[in-house]
Number of protein chains: 2
Amino acid sequence: MSSRSQAIADILTRAILDRRLVPGCKLGERELSEIFNVSRIVIRQALIRVADDGLAQIERNRGAFVARPSMQDAMEIYDALTLVEQGVAAQLMDRLGPAGWAELRQHVERQRQAVASGNHALADVLGAEFHTVFVRLSRNKVMQEMHAQLVRRTTLLRALITADFDYCNLLDDHARLIELLEKGRLKQAMDMIDAHHRQVVRGYIMDRQVFPELTPREALEPYLLNAGQTPEIQTKNKTGEKGRTGVHTHVHAAK
Amino acid sequence: MSSRSQAIADILTRAILDRRLVPGCKLGERELSEIFNVSRIVIRQALIRVADDGLAQIERNRGAFVARPSMQDAMEIYDALTLVEQGVAAQLMDRLGPAGWAELRQHVERQRQAVASGNHALADVLGAEFHTVFVRLSRNKVMQEMHAQLVRRTTLLRALITADFDYCNLLDDHARLIELLEKGRLKQAMDMIDAHHRQVVRGYIMDRQVFPELTPREALEPYLLNAGQTPEIQTKNKTGEKGRTGVHTHVHAAK
DNA sequence: TTTCATTGATTGATATCCAATCCTGTGTTT
DNA sequence: AAACACAGGATTGGATATCAATCAATGAAA
């Protein structure tokens, strides 16, 4: 197993992507160290990792906060995502074998079945996963990691916008993309990817107020099930928190 | 000013890219902490940053080493770089204004003058910088950072290969790329980028033995000029290193 | 009411200590 | 002599306590 700071960074990442830790939420070292029952140093290392991934930002002498990407950031992220997926599409058109196309079609089919059976949660996951599978078929780990990071950041964006529609569930887009690529119509496929993402960005309204839904402790509790072996700490916290538990703004105010 | 660990990570990165710290070189925490005169924890945080960037790898309970990318890694990195630069080329063809084209041409011209005046060092830097300028003109910070990371990794690769030719100095390629893009010949431009990179990878011979050219202390000394204020530590090290200074393999043996 | 100063809290960083793990050298056994 | 086992050293991963620097918020003074 890797280091504990990596494990904690993974949990924080999950919590952010699950929108349990919302953009602007303060990630205090002491608070997190008490939650995970580790020292502040491990937390710092975890925060460095999360910040390097673009999901948090560290301000000197102020602390770490869940990232609040701007509209400009959103456009840049989607532009980059478009670029990567278009490039992968071009590569796959040349290099992908029958087994690969079959896997893609099978994935879409599974999602179709999920939609048909009313399992919207699964359909959502499969819809988002399509892009990941798509890139994985390029058999390029470097590109996979780059793409995955971009996807994580788009997922974070979805905490800041009013999502009118589930863009990932556009089954038709995915199915048509496969069809176009197999027929060698690269230009049309790339335009579709571009339109796909442009449509999403156009729907963005980023002035939505983000307010604290959960405290970090509440947000992170579900991820600690396996490692929770110190109720003593929790009681200690309850008794030791004194008066500062009252009103706690967990949202980083815009400057 | 950012944190100390970030500054040290930057220095380590520079030293790796300058090939003063060669692939496989062990980056011991204690040794680095003595070199930079900081605590081991700061070094750990710096190493995490460098490793996240792909220039080092951390093995649990064994320590950090300068990354030794495989031939497979090299191909994937260049594939990704090709993909990104092709995508940027396509974007620039649509969106770049006259000022942008002028900047590109001016950059090539400056490199041409450097070559003409025999300043090969400057020509090298400008040649490598061309790709960076190219991507910067996309005005997409996300993509810029992604591209910069890929470039750093290719730079690391050059420590592992026998560089028969200076691929970045192919002035003609750069000039022709601009010309093609301005004329709207996207397909040809993209093929040129692909050929450019493919040519480089084909020239790679990665079974070159990497042997320790410098100890970390020697490698990092030039970067410490501004912050060097503790000769006391150095003398203490000299007297305190005892017998383990003898033969020290700085190269991580291949498994 | 505005400005300034003090105080409290948090971060950045150090030093020291301990446990776990890896590497190595030595000694023993076959 | 070769293979194995074991013990010790060295290094990493981590905890804890402590201190300085900085930010934020409160309260006092003009």
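First the proteins, then the strands, lettered A, B, ... as listed; each starts at 1. It should be emphasised that the depicted structure is a prediction, and the values quoted were computed from it without experimental measurement.
The side-chain contact (heavy atoms from CB on, under 4.5 Å) test applied to D18(A) returns R14(A), R20(A), Y223(A), not counting sequence neighbours. Judged as a salt bridge (charged side-chain N to carboxylate O under 4.0 Å, His left out), and not counting sequence neighbours, the contacts of E103(B) are R136(B). Remark: L17(B) pairs with T13(B), L55(B), R152(B), T155(B) by the side-chain contact (heavy atoms from CB on, under 4.5 Å) rule, at least two apart or across chains. The side-chain contact (heavy atoms from CB on, under 4.5 Å) test applied to A64(A) returns L27(A), L47(A), I58(A), not counting sequence neighbours. Residues meeting the ring-ring contact (aromatic ring centres under 6.0 Å, His included) test with F134(B), sequence neighbours left out: none. Partners of R95(B) under the salt bridge (charged side-chain N to carboxylate O under 4.0 Å, His left out) rule, at least two apart in sequence or in another chain, are D79(A).
The distance between atom CD1 of I41(B) and atom P of dT16(D), rounded to the nearest whole Å, is 13 Å. Atom P of nucleotide dT16(D) and atom CD of E34(A) are separated by 12 Å, given to the nearest angstrom. For I43(B) and dT14(C), the CD1 to P distance is 9 Å, given to the nearest whole Å. The distance from atom CD of E31(A) to atom P of dT11(C) is 10 Å, rounded to the nearest whole Å.
Closest contact between the side chain of K26(B) and the listed nucleotides dA15(D), dT12(D), dG12(C) involves dT12(D). Each of dG14(D), dT11(C), dT11(D) was ranked by its minimum atom distance to the side chain of R30(B); first place goes to dT11(D). Relative to the side chain of R40(B), the nucleotides dT14(C), dG12(C), dC17(C) differ in distance, and dC17(C) lies closest. The side chain of V42(B) has dA13(C) as its nearest neighbour among dG12(C), dA15(C), dA13(C).
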Protein-nucleotides 20-22 of chain D N/O pairs under 3.5 Å:
none

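Contact annotation: R44(B) reaches the phosphate of dG13(D) (side-chain N/O to OP1 or OP2, under 4.0 Å). OP1 or OP2 of dT10(C) has not a single side-chain nitrogen or oxygen of R62(A) nearer than 4.0 Å.
Between H147(A) and H131(A), the ring-plane angle classifies as parallel under the 30° and 60° cut-offs.
For the helix from dT1(C)-dA30(D) to dT30(C)-dA1(D), the axis fitted to the five pairs at one end and the axis fitted to the five pairs at the other end meet at an angle of 0° (nearest 10 degrees).
Every pair passing salt bridge (charged side-chain N to carboxylate O under 4.0 Å, His left out) that includes a residue from residues 36-47 of chain B is listed here, sequence neighbours excluded: E29(B)-R40(B), E29(B)-R44(B).
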